[in-house]
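Take a look at the structure set out below.
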Amino acid sequence: MSVHLRLGGPLTIPAMGPCFMCQRDYLAVVAVGELTRNCGPGHEAIEIPLYACGVCEGILTLLLADALRSPVRPYVPAGHPH
Ligand SMILES: [Zn+2]
């Protein structure tokens, strides 16, 4: 099972519904990604869209920004030495 987040993408169409982060319902939410599970013995593949409210989308965006600012591994520029 894996979670794919696509923050601020072109598919962020506002809708009304529950937020997967804060569990509140009947909020203006946007699609921020999906939860997926590959098929295998005993279970079928699933793909569930994840919706988050504006507040939680902001939190996720901040988490992403923090992760990019202090990466776990040092950034190595693309290219090859000559
Ligand atoms: Zn929320």
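The chain is numbered in sequence order, starting from 1. Start at 1 and go down the list; that is how both ligands and their atoms are numbered.
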Side-chain donor-acceptor pairs of residues 26-34 under 3.5 Å, sequence neighbours excluded:
unit_1: E34; atom_1: OE1; unit_2: R6; atom_2: NH2; d: 2.5
unit_1: E34; atom_1: OE2; unit_2: R6; atom_2: NH2; d: 3.1

- Message: Is the shortest side-chain heavy-atom distance between D66 and L68 below 4.5 Å?
- Response: no

- Item | Point-to-point distance, once rounded to the nearest 0.5 Å, from CG of L50 to CG of L5 | 7.0 Å

- Item | Pairwise side-chain contact, E47 with L35, heavy-atom cut-off 4.5 Å (strictly under) | no

- Sub-3.5 Å donor-acceptor pair from the side chain of R24 to the main-chain atoms of C19, do we have one? no

- Task: With the Zn ion (ligand 1) as the centre, enumerate protein N/O/S atoms below 2.8 Å in chain and residue order.
- Result: C19 SG, C22 SG, C53 SG, C56 SG

- Query: Can you hop from F20 to M1 via hydrophobic side chains spaced under 4.5 Å?
  - Reply: yes

